[in-house]
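Computed from a predicted model, the values in this text were never measured in an experiment. For ligands, and for the atoms within them, numbers begin at 1 and follow the listed sequence.
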Amino acid sequence: MQRRRIIKVKDKSFTVTISERAIKRQIKRIADQINRDYEGKRPVFLAVLNGSFIFAADLLREIDLPCEISFVKLASYEGTNTTGSVREVIGLNVDITGRPVIIVEDIVDTGLTMAHMLDTLKKQNPESIDICTLLLKPSKLQVKLDIRYCCKQIPDDFVVGYGLDYDGFGRNTKDIYTII
Ligand code: 5GP
C-alpha cells in the first residue's frame, strides 16, 4: 500500500519531505563515517529522548564498533533565578569519564539544548564528545556548535515523523513530514 503524502497530526497538516529511503541512505553514510573515525575505540552513544529513539535504533544497527548506548533526557523545571527554565540531564547511567562520547539527537534548531548538554557532559571529563544529529536547521542556530555528523540540513520549517513529534503525536511514521 502506498503511504500517504499528506498527513494530519492533531490540528495541523504535514506533507512528506524526506522519504524513509533517503533517511536510511543518510544514516548509512554517517554510520560509515563514525565506523571509520572511531576505529579502535569503544564509544558511548548518548541518545537524547524522546525524539531520537528511532534514529538511534537505526543508526546503532549500522555501527560495527564495540559500543554502548545510554538514553538521556533533558528535564526542564522553572528556576528560581531570572534565567527562567533550567534544564538538567537525567538518566545518564554510564560512567563517561575518559570515554569517547557521541551524542545522538533528533534535530538541532537554535542549538541551545545541545550547547547545554555539552557543558553538562564536559564536567564528567570524557575523552571526547561529538554531536550526531539527524536534522539541522542551520538558519536557526544561535550558538557556535561543531556538528561532526549530520544526516540532513533542512529549512526553518516544523517537521514531524520518524521519532519527532507535534505535541506528543506523529512520531510513528517512516518518513519525515513538514508542516503545510
Ligand atoms: P534547540 O535547543 O536546538 O532549539 O531545540 C532542539 C529541540 O527542539 C529538539 O530536540 C526538538 O525536540 C525540538 N525541535 C526543534 N525543531 C523541531 C521541529 O521542526 N520539529 C520537532 N518535532 N521538534 C523540533
Side-chain angles (χ1 to χ4, degrees), residues 3-20 22-24 26-27 30 34 44-60 69-79 81-92 101-123 129-180:
R3 282 202 293 276
R4 285 180 302 152
R5 298 196 66 79
I6 292 183
I7 57 165
K8 190 136 194 196
V9 181
K10 298 192 83 179
D11 58 326
K12 304 229 182 298
S13 296
F14 296 82
T15 186
V16 69
T17 43
I18 313 175
S19 69
E20 178 186 18
I23 298 168
K24 291 280 163 69
Q26 291 305 319
I27 290 177
I30 57 162
I34 293 173
V44 183
F45 289 85
L46 291 185
V48 186
L49 291 175
N50 294 325
S52 75
F53 76 108
I54 296 180
F55 174 43
D58 283 345
L59 176 70
L60 257 282
I69 182 161
S70 187
F71 294 87
V72 293
K73 206 162 181 167
L74 281 163
S76 297
Y77 58 92
E78 291 309 309
N81 60 18
T82 47
T83 58
S85 168
V86 179
R87 306 195 84 193
E88 187 193 355
V89 180
I90 56 169
L92 182 60
V101 171
I102 302 174
I103 304 174
V104 180
E105 176 66 295
D106 56 352
I107 182 164
V108 175
D109 188 275
T110 62
L112 294 171
T113 305
M114 199 43 70
H116 179 73
M117 187 95 179
L118 285 173
D119 282 350
T120 308
L121 296 177
K122 276 179 189 161
K123 289 187 187 131
I129 308 182
D130 276 322
I131 299 170
C132 174
T133 187
L134 174 67
L135 302 172
L136 167 68
K137 292 179 182 170
S139 62
K140 292 283 296 290
L141 265 184
Q142 286 179 19
V143 284
K144 204 175 165 309
L145 274 184
D146 182 10
I147 299 177
R148 190 166 186 188
Y149 307 106
C150 171
C151 286
K152 197 157 171 57
Q153 299 196 356
I154 58 166
D156 175 20
D157 298 311
F158 191 78
V159 293
V160 292
Y162 192 73
L164 290 107
D165 75 310
Y166 165 51
D167 203 13
F169 286 81
R171 296 192 196 272
N172 53 316
T173 65
K174 293 182 176 173
D175 308 302
I176 292 173
Y177 293 78
T178 300
I179 198 158
I180 45 177

J.: Report the C-alpha separation of Val104 and Phe55 in whole Å, then their side-chain angles, then the decisive distance to 0.1 Å, and conclude whether the side-chain contact (heavy atoms from CB on, under 4.5 Å) test is met.
T.: CA-CA 8 Å; Val104 180; Phe55 174 43; 3.6 Å; yes

J.: Got a sec: does the CZ of Phe169 have more than 12 other heavy atoms crowding it under 6.0 Å?
T.: no

J.: Using distance only, find each side-chain donor-acceptor pair of residues 143-152 under 3.5 Å and give its atom names and separation, not counting sequence neighbours.
T.:
residue: Arg148; atom: NH1; partner: Asp130; partner atom: OD2; Å: 2.9
residue: Arg148; atom: NH2; partner: Asp37; partner atom: OD2; Å: 3.3
residue: Tyr149; atom: OH; partner: Asp37; partner atom: OD2; Å: 2.6

J.: Around ligand 1, what residues show up once you keep those with a heavy atom under 4.0 Å from it?
T.: Glu105, Asp106, Ile107, Val108, Asp109, Thr110, Gly111, Leu112, Thr113, Lys137, Asp157, Phe158, Val159, Leu164, Asp165

J.: Just by distance, no angles: are the side chains of Tyr162 and Asp106 close enough, under 3.5 Å, to form a donor-acceptor pair?
T.: no

J.: Provide the closest heavy-atom pair for Lys137 versus Pro155 in the form atom of the first, atom of the second, distance.
T.: CG-O, 3.8 Å

J.: Side chains of Lys73 and Asn50: does their closest heavy-atom pair fall under 4.5 Å?
T.: yes

